[in-house]
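Before any comments, here is the structure.
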Amino acid sequence: MTAETSYRTALITGASRGLGLALARTLARDGWTLIIDARGEEALESARAELSRYTRVIAIPGDVTEQEHREDLAGAARKAGGVDALVNNASNLGPSPQPGLLDYPLDVFEQVYRTNVVAPLALIQALNNELKPQARIINVTSDAAVEPYEGWGGYGSSKAALEQLSNILAAENPGLRVYRVDPGDMRTQMHQEAFPEEDISDRPLPEESVPGFIELFTGDLPSGRYEARALAARVGTATADS
Ligand SMILES: NC(=O)c1ccc[n+]([C@@H]2O[C@H](COP(=O)([O-])OP(=O)(O)OC[C@H]3O[C@@H](n4cnc5c(N)ncnc54)[C@H](OP(=O)(O)O)[C@@H]3O)[C@@H](O)[C@H]2O)c1
């Protein structure tokens, strides 16, 4: 733990596996206090137990779409003395396999938007008074937010909404850093659900996307859209050049 990070706190949604857990592991090893959630209690407890070997961890099981759960997260942030970073990582892919838009069940479409768009904004609102000066809001999006992949109309359009929401939030709040971040394809449960018939063993592990995120947690980059792995490569090159 360095003196610089010993007092920092991050709230990461969906940190029981995949990218959220990979980010939490790296921050935990650098001494950040963590507030984490996920719906599945067993996996969340297992993550808490592992991360607690390195740092203080507050694990709150629950669903980001529920207001009471978000209030619990905000209460934990208050007790921790505020947060330096909020990562809206928890996400809903929708049905697997994903249907075309003309066949998309609208009740599920609404649920995808509730998780991927409404809940991140609601959590930002709930945490508004708990964001420390210069806090970072990191909204995890996707290349599906900008590419017209067939079958990705529900999830992809929700991530596009999250991107523009982030863009406008940044314009409205110059004191905050608001990052919208495409982590790239990652070998995770969500990715397997997106490609149910495919062997995804060639996809990179989420750990490979973490260094780019760390640059956003600790660096001084302006609000904007970033691709995590390209960012890590750029920073690595700059470091090598300097
Ligand atoms: N994997 C990829 O290739 C890829 C590519 C581009 C973008 N992304 C984005 O990267 C982020 C992480 O994805 P991942 O692949 O790591 O997913 P993942 O392995 O499926 O993990 C998702 C995490 O979020 C939690 N979660 C899901 N819904 C939740 C809810 N309503 N409330 C609270 N927690 C919830 C899950 O636990 P529970 O299910 O127990 O709640 C789990 O901890 C997502 O925003 C995703 O859209 C992923």
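Each ligand, and each atom within it, is numbered from 1 in the order the structure gives.
The 12-atom threshold is not exceeded at CD of Q67, counting heavy atoms of other residues, nucleotides or ligands nearer than 6.0 Å. Within a 6.0 Å radius of CD in E45, more than 12 heavy atoms belonging to other residues, nucleotides or ligands are found.
Residue K159 touches ligand 1 through its side chain alone, judged by heavy-atom distances below 4.0 Å. Contacts between L21 and ligand 1 below 4.0 angstrom, taking non-hydrogen atoms only, are absent altogether. Using a 4.0 Å cut-off between heavy atoms, P183 contacts ligand 1 through its side chain alone, with no backbone atom that close.
Of the polar atoms of S142, none of the N or O atoms is found under 3.5 Å from an N or O of ligand 1, judged by distance alone. Distances between N or O atoms of G20 and those of ligand 1 include no value under 3.5 Å. Where the criterion is an N or O separation shorter than 3.5 Å, residue side chain and backbone included, M186 meets it with respect to ligand 1. On a distance-only criterion, T65 and ligand 1 share no N/O pair closer than 3.5 Å.
Atoms of ligand 1 found under 4.0 Å from any heavy atom of D185 (numbered from 1 in listed order, with element): 3 (O). Applying the 4.0 Å criterion to heavy atoms of D63 picks out, from ligand 1, the atoms 30 (C), 31 (N), 32 (N). Of all atoms in ligand 1, numbered sequentially from 1 with element shown, those under 4.0 Å from a heavy atom of G14 are 23 (C), 24 (O), 25 (C), 43 (O). Within the listing of ligand 1, atoms 1 (N), 2 (C), 3 (O) sit less than 4.0 angstrom from a heavy atom of H191. Of all atoms in ligand 1, listed by their number and element, those nearer than 4.0 Å to a heavy atom of Y155 are 7 (C), 8 (N), 9 (C), 46 (C), 47 (O). Close contacts between ligand 1 and G62 involve ligand atoms 32 (N), 33 (C) [criterion: under 4.0 Å to a heavy atom]. Per-residue contacts place T141 under 4.0 angstrom from the following atoms of ligand 1 (heavy atoms of the residue considered): 6 (C), 7 (C), 8 (N), 9 (C). Counting atoms of ligand 1 from 1 in the listed order, those under 4.0 Å from a heavy atom of G184 are 3 (O), 4 (C), 5 (C), 6 (C).
The protein heavy atom nearest to atom 20 (O) of ligand 1 is R17 NH2, 3.2 Å. If you check which protein heavy atom lies closest to atom 10 (O) of ligand 1, you get V140 CG1, 3.4 Å. Summary of contacts: the protein heavy atom closest to atom 17 (O) of ligand 1 is M190 CB, 3.5 Å. The closest protein non-hydrogen atom to atom 32 (N) of ligand 1 is V64 N, 3.0 Å. Scanning the protein heavy atoms around atom 14 (P) of ligand 1, the nearest turns out to be T188 OG1, 3.7 Å. Regarding atom 39 (O) of ligand 1, its nearest protein heavy-atom neighbour is R39 NH2, 2.9 Å. With respect to atom 35 (C) of ligand 1, the closest heavy atom belonging to the protein is A90 CB, 3.5 Å. Looking only at protein heavy atoms, the nearest one to atom 16 (O) of ligand 1 is L19 N, 2.8 Å.
From R70, atom CZ reaches atom CD of Q125 across 8.5 Å, with rounding to the nearest 0.5 Å. The distance from the CD atom of E207 to the CG atom of L19 is 9.0 Å, given to the nearest 0.5 Å.
Side-chain N or O atoms of D37 include none that pairs as donor or acceptor with a backbone N or O of P61 at under 3.5 Å. Put simply, the side chain of N116 gets close to the backbone of N92: a donor and an acceptor are under 3.5 Å apart. With T13 contributing its side chain and A90 its backbone, the two residues share a donor-acceptor pair below 3.5 Å. No side-chain donor-acceptor contact under 3.5 Å links T55 to the backbone of A28.
A salt bridge does not link E208 with R229: none of the charged nitrogens is closer than 4.0 Å to a carboxylate oxygen. Comment: R177 engages D220 in a salt bridge, judged by a side-chain N to carboxylate O separation of less than 4.0 angstrom.
Partner L131 forms a side-chain contact (heavy atoms from CB on, under 4.5 Å) with one of N173, D84, L176 and no other, that one being L176.
Contact analysis puts N89 in contact with ligand 1, with a non-hydrogen atom separation below 4.0 angstrom.
A cation-pi geometry, defined here as NZ or CZ lying under 6.0 Å from the six-membered ring centre and within 45° of its normal, does not hold between R234 and Y226.
Across every non-hydrogen atom of A77 and V83, the tightest pair is CB-CG1, 3.8 Å.
Note on ring orientation: taking the six-membered ring where Trp is involved, the planes of W152 and Y155 are perpendicular (angle over 60°, cut-offs 30° and 60°).
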